**Student:** 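Handing you a structure now.
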Amino acid sequence: MKRRTFLASSAAMAGIAATGAPAFAQDDPLKIGFIYVGPVGDMGWSYQHDQGRQAIEAEYGDKIQTKFIESVPEGPDAERALTSLALEGHELIFATSFGYMDSVINVAAKFPNVKFEHCTGYKRAENVGTYDARFYQGRAIQGTIAGRMTKSNKIGYIGSFPIPEVIQGINAAYIHAKKVNPDVQISVVWAYTWFDPAKEADAAAALIADGVDVILQHTDSTAPQAKAQEAGNVITFGQASDMSNFAPKPRVSSTIDNWAPYYKGRVAAALEGSWKADATWGGIDSGMVKIGEITDAVPAEVKQEAEALIEAIRSGSYHPFTGPLKKQDGSDWLAEGEVADDATLAGLNFYVEGISAEIPG
Amino acid sequence: MIGGIDIVTLIAMLMTASTPVLLAATGELVVERSGVLNLGVEGMMIMGAIGGFAAAVATGSPVAGFAAAALSGVVMALLFGLLTQIFLSNQVATGLALTLFGLGLSALLGKSFEGVRPPATGKIDFGPLSDLPVLGRILFSHDWVVYLSLALCAATWAFLKFTRAGLILKAVGENHDAAHALGYRVIAMRFAALAFGGALAGIGGAYLSLVRVPQWTEGMTAGAGWIALAIVVFASWRPERALIGSYLFGGITALQLQLQAAGYSIPVHLLSMAPYLVTIVALVLLSMTHRHGAQAGPGSLGKSFHASR
């Protein structure tokens, strides 16, 4: 294709996107697109986003029309998927994985009249908002239970990628496990995937071989639960979804991502025309983070302790990152009573003191 | 224990991790020895994974599951055979299509099996043998599919080396026109090899969904079929080397996770690429040892055969 014809056709395309779509939007339902990093049947992260999508369909019925593309790899494929959704006339597009960030920004620049929402990212634009949940609040609860429940004093953590969101979780889990059990140690295994059941199973097996009896995970499948069940004396937590299939043991509680309230609010704003690109970081208080049932495998007094912590975080009287806390290298981070600010947490790139592992570069 | 890594656990883990790839590689090796290049291993594996899972859940019997998995693989392989051997379609393109077809169909069939738990596949009870120090954990602590995979690999080695049928299979793969001129039935031999390869790939896939993970999730083979194809080349089409190759790949995977659990900070990506580097080095060495730089692959590999020519 000659450069001139290419430019002309892309200008025409942008023209359609800029002027055409809103004109139709008066009568037609609002078209909303989603891209998921895993299959909707992962029973974890993508499943939960799809629950949110189904919730807005139930809420708004004929006024909207949704479409999702599942198992979209991060990178160029994401850019293609987003572009095709935009070209098909979707006016509000949710991109639901951290690694879609640059793709969203690139595509959003080409379609100024399409509203984009990026989950867990930090880059924003005129038409790109971000939203995230304070998963570390759930990790604090899990850490408390883990610290009380471990007999080997070794807890394991399956990390996906060394990004701030995951590092927040490791730190929060460790800080709260340490609070109730000063002898506790944490081993971290990086899987470098959000979703690969075989690899997650192997990572769980490696941790169990290393002597851990509690496994926390920041990957999306239930494979670690299956491995823990096989081992018999290992407990786990549901990640993103409840994973209650594995209750009462090995899964003893869970952190559930609850996107439905957020999605409903954003769709309402888009329908009314009051949608603005902004940043949302909701926690237990706003319902975006839910704690799944703590099962009877957990002793009553530990359960009470965990529930008290949930309440303290919900009411805002306690923040999981409250000083005194030092960084891994021994330097000061938070003074007594000081609370970490959101900007620091959003870019968190260090472990707290006491974790012996290193963050891979 | 060496440097915080429990070697016994590592070896036991790598045997489990390598079994699907070993099964698929052994099957594909026979297929390629017969002169057919089937790039659809991944597709056959994933169909075995869902077919085996569905049958095991429906009947409650893992054995029935593995049988159904083998059958699923065979059906896929026969489809490939029909297209490439009867209708003479291009083997590379058809194999790639088979993979994509298998990935899509398995995702469709598997929708209702998400979140379901399969019946447990039993470990073989070796009695006092499994209490032996070191050897007990390594050799006598596995489920029966691990031993089946080793037995099948050994049987394939013996078949190719010692039997008349094995010689004919190799002849067909080396030069199908000559084999045909001698009166051997090229197409029938290739169909048999394809069915064997499909069955093993299917069992390998089911090992993932029934034992290693165990659950069904879309796309769960995650490239194991492609690694199996790479191992066939690494093994220069010999079963005993396929065993080494599979355990090397599985071993590095298990090792890198264990190193991390033990607190080492070796860059994960270095280890992940190690098996591929070894494959490339092995290939270079192989082509140097063969005169004129020729590859060790069967002469008719990937070529269509038609008796009229």
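Quick note on labels: first sequence line is chain A, next is B, and so on, each numbered from 1. Computed from a predicted structure; not experimentally measured.
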**Student:** Between A:V188 and chain B, with a heavy-atom cut-off of 4.5 Å, which part of the residue counts as in contact: side chain, backbone, both or neither?
**Tutor:**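 Looking at A:V188, just its backbone touches chain B.
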**Student:** Quick one: CD on A:Q225 to CZ on B:R117, what's the gap to the nearest 0.5 Å?
**Tutor:**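 These two atoms lie 10.0 Å from each other.
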**Student:** Between B:E218, B:R212, B:K111, which shows the greatest number of heavy-atom pairs under 4.5 Å with chain A?
**Tutor:**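 Most heavy-atom pairs under 4.5 Å with chain A: B:R212.
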**Student:** Is it the side chain or the backbone of A:N245 that comes within 4.5 Å of chain B heavy atoms, both, or neither?
**Tutor:**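 Its backbone and side chain both get close to chain B.
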**Student:** Which pair of non-hydrogen atoms, one from A:W190 and one from B:L257, has the smallest distance, and what is that distance?
**Tutor:**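 The pair with the smallest heavy-atom distance is O-CD2, 4.3 Å.
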**Student:** Is B:V8 in contact with chain A via its backbone, its side chain, both, or neither, using a 4.5 Å heavy-atom distance?
**Tutor:**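 For B:V8, neither part sits under 4.5 Å from chain A.
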**Student:** Measure distances from A:Y157 to the heavy atoms of chain B and classify the residue's part below 4.5 Å as side chain, backbone, both or neither.
**Tutor:**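 Neither the backbone nor the side chain of A:Y157 comes within 4.5 Å of chain B.
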**Student:** Between A:A209, A:A191, A:G211, A:A223, which residue shows the highest count of heavy-atom pairs closer than 4.5 Å to chain B?
**Tutor:**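 Result: the option with the highest number of such pairs is A:A223.
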**Student:** Specify the closest pair of heavy atoms between A:D210 and B:A262, including all atoms of both residues, with the distance to one decimal.
**Tutor:**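 Closest approach of A:D210 to B:A262, heavy atoms only: OD1-CA, 4.1 Å.
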**Student:** Where does A:K154 contact chain B at under 4.5 Å (heavy atoms): side chain, backbone, both or neither?
**Tutor:**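 No part of A:K154 comes within 4.5 Å of chain B.
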**Student:** Considering only heavy atoms, which portion of A:A357 lies under 4.5 Å from any heavy atom of chain B: side chain, backbone, both, or neither?
**Tutor:**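 For A:A357, no heavy atom lies under 4.5 Å from chain B.
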**Student:** Let's test your reading of the structure: which of A:S187, A:A198, A:G38 forms the most heavy-atom pairs below 4.5 Å with chain B?
**Tutor:**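 Option with the greatest count: A:A198.
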**Student:** Should we say atom OH of A:Y47 is surrounded by more than 12 heavy atoms from elsewhere, each under 6.0 Å from it?
**Tutor:**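 No.
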**Student:** Decide if atom CG of A:D183 counts as having more than 12 heavy atoms of other residues, nucleotides or ligands within a radius under 6.0 Å.
**Tutor:**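 Result for CG/A:D183: enclosed.
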**Student:** Heavy-atom pairs under 4.5 Å with chain B: which of A:E70, A:E230, A:M243 has the most?
**Tutor:**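 Among the listed options, the one with the most contacts to chain B is A:E70.
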**Student:** Given heavy-atom pairs under 4.5 angstrom as the criterion, report whether the side chain, backbone, both or neither of A:E200 touches chain B.
**Tutor:**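 It is neither, since no heavy atom gets under 4.5 Å.
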**Student:** Within the structure provided, determine whether B:Q215 and A:S221 are in side-chain contact (heavy-atom separation under 4.5 Å).
**Tutor:**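 The answer is yes; the side chains approach within 4.5 Å.
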**Student:** Examine whether an atom of A:S71 lies under 4.5 Å from a heavy atom of chain B, and if so say whether it belongs to the side chain, the backbone or both; otherwise answer neither.
**Tutor:**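 The side chain, not the backbone.
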**Student:** If you count every heavy atom of other residues, nucleotides or ligands that lies below 6.0 Å from A:Q185 atom CD, does the total exceed 12?
**Tutor:**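 Count not over threshold, so no.
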**Student:** If I measure from the heavy atoms of chain B, does A:T222 come under 4.5 Å with its side chain, its backbone, both, or neither?
**Tutor:**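 Both backbone and side chain of A:T222 come within 4.5 Å of chain B.
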